[in-house]
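Have a look at the structure below before the remarks.
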Amino acid sequence: MAAVQKFNCYPLDLATKLHNLNTDVIKIMLTNTAPNLTTGQTKADITQIAAGNGYVADGNVATFVSGAQTAGVYKLTLAVVQFIAAGGNIAAFRYAVIWNSTANRLIGMLDYTASLVITSGNVFEVQLDQTNGFLTIT
């Protein structure tokens with residue numbers, strides 16, 4: 001499982017109440033162009049792969065599983081996100097970008113270190129840590 005790298009804007013966005021992680025719609029979009037973690041802030045800063053063959057523009061929803069704090073640590077858990085190729089291959093991608101579509105703000109990304117193609121009839125799963133949560137805030 002690739003480690004999530006956060007966009008630099010994310011901590012300030014949290015501090016200024018741009019995210020409500022328990023209710024906002026979080027999505028994962030795919031790109032084959034390296035996102036800039038330093039300057040990236042909104043969806044417009046990401047060059048998505050072309051929609052089609054099972055990939056929907058702006059990506060798939062990462063369904064909320066739980067968001068709670070225990071002993072001063074907040075843990076957000078999101079369901080595994082699947083991309084299913086149908087009618088052809090989904091375009092090559094290397095990065096899965098996690099973003100808040102409600103606030104149009106970037107959160108983080110996963111780097112798979114090489115471009116991948118989901119061939120027709122196959123499924124690719126973006127695995128977000130189900131035990132420790134996708135992210136924690138202490």
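Every heavy atom of this structure was used, including side-chain atoms; hydrogens, water molecules and symmetry mates were not. Positions are given from 1, in the same order as the sequence printed here.
Thr23 is linked by a side chain to side chain donor-acceptor pair (under 3.5 Å) to Asn20, counting only residues two or more places apart in sequence or in another chain. For Ser115, the side chain to side chain donor-acceptor pair (under 3.5 Å) partners at least two apart in sequence or on another chain are Asn32. For Asp45, the salt bridge (Lys or Arg N to Asp or Glu O under 4.0 Å) test picks out no residue, with sequence neighbours left out. By the side chain to side chain donor-acceptor pair (under 3.5 Å) test, Tyr95 is found to be paired with no residue, residues two or more places apart in sequence or in another chain being considered. Looking at residues two or more places apart in sequence or on another chain, you find a side-chain contact (heavy atoms from CB on, under 4.5 Å) between Thr16 and Leu12, Leu18.
Identified under the salt bridge (Lys or Arg N to Asp or Glu O under 4.0 Å) test for residues 12-36, with sequence neighbours left out: Asp13-Arg105. Within the structure, the salt bridge (Lys or Arg N to Asp or Glu O under 4.0 Å) test picks out the following pairs touching residues 29-43 (sequence neighbours left out): Lys43-Asp58. The salt bridge (Lys or Arg N to Asp or Glu O under 4.0 Å) pairs that include a residue from residues 80-93 number zero, where partners must be two or more places apart or lie in different chains. Pairs of residues two or more places apart, or lying in two chains, that qualify as ring pair (Phe, Tyr, Trp, His ring centres under 6.0 Å) and include a residue from residues 2-59 are Tyr10-His19, Tyr55-Phe83. Applying the ring pair (Phe, Tyr, Trp, His ring centres under 6.0 Å) rule to pairs touching residues 114-138 yields Phe93-Phe124, Tyr112-Phe124, sequence neighbours excluded.
Among all heavy-atom pairs drawn from Gly59 and Gln48, the shortest one is N-OE1, 4.0 Å. The shortest non-hydrogen separation linking Thr31 to Pro35 is CG2-CG, 4.1 Å. For the pair Ser120 and Gly87, the tightest heavy-atom approach, listed with the atom from each and the gap, is OG-N, 3.5 Å. In terms of heavy-atom proximity, Gly88 sits nearest to Asn53 at O-CB, 3.5 Å. Closest non-hydrogen pair, Leu128 versus Ile98, comes out as CD2-CD1, 4.2 Å. Ile137 approaches Leu14 most closely through the heavy-atom pair CD1-CD1, 3.8 Å.
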Indicate every side-chain donor-acceptor pair of residues 67-81 with a distance under 3.5 Å to a residue at least two apart or in another chain.
{"residue": "Gln69", "atom": "OE1", "partner": "Gly72", "partner atom": "N", "Å": "2.8"}
{"residue": "Tyr74", "atom": "OH", "partner": "Asn22", "partner atom": "OD1", "Å": "2.6"}
{"residue": "Lys75", "atom": "NZ", "partner": "Thr131", "partner atom": "O", "Å": "3.0"}

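Here Met29 contributes atom CE and Ile49 contributes atom CD1; the two are 11.5 Å apart, rounded to the nearest 0.5 Å. Note: Ile107 CD1 to Lys6 NZ = 12.5 Å, rounded to the nearest 0.5 Å. In this structure, CD1 in Ile118 is found 6.0 Å from CG in Leu30, a value given to the nearest 0.5 Å. For the atom pair Thr102 OG1 and Ile26 CD1, the distance stands at 6.5 Å (nearest 0.5 Å).
Counting heavy atoms from C-beta on, the side chains of Ile90 and Val117 never come closer than 4.5 Å. Using a 4.5 Å heavy-atom cutoff, the side chains of Leu110 and Ile28 are not in contact. In this structure the side chain of Thr42 never reaches within 4.5 angstrom of the side chain of Trp99, judged on heavy atoms.
Here Val25 is tied into one hydrophobic group with Val61, each link being a pair of ILVMFWY side chains closer than 4.5 Å.
Remark: side-chain polar atoms of Asn60 are paired, donor with acceptor, to backbone N or O of Gln82 under 3.5 angstrom.
By the rule that hydrophobic residues join a cluster once side-chain heavy atoms approach within less than 4.5 Å of another member, Leu37 and Leu135 end up as members of one cluster.
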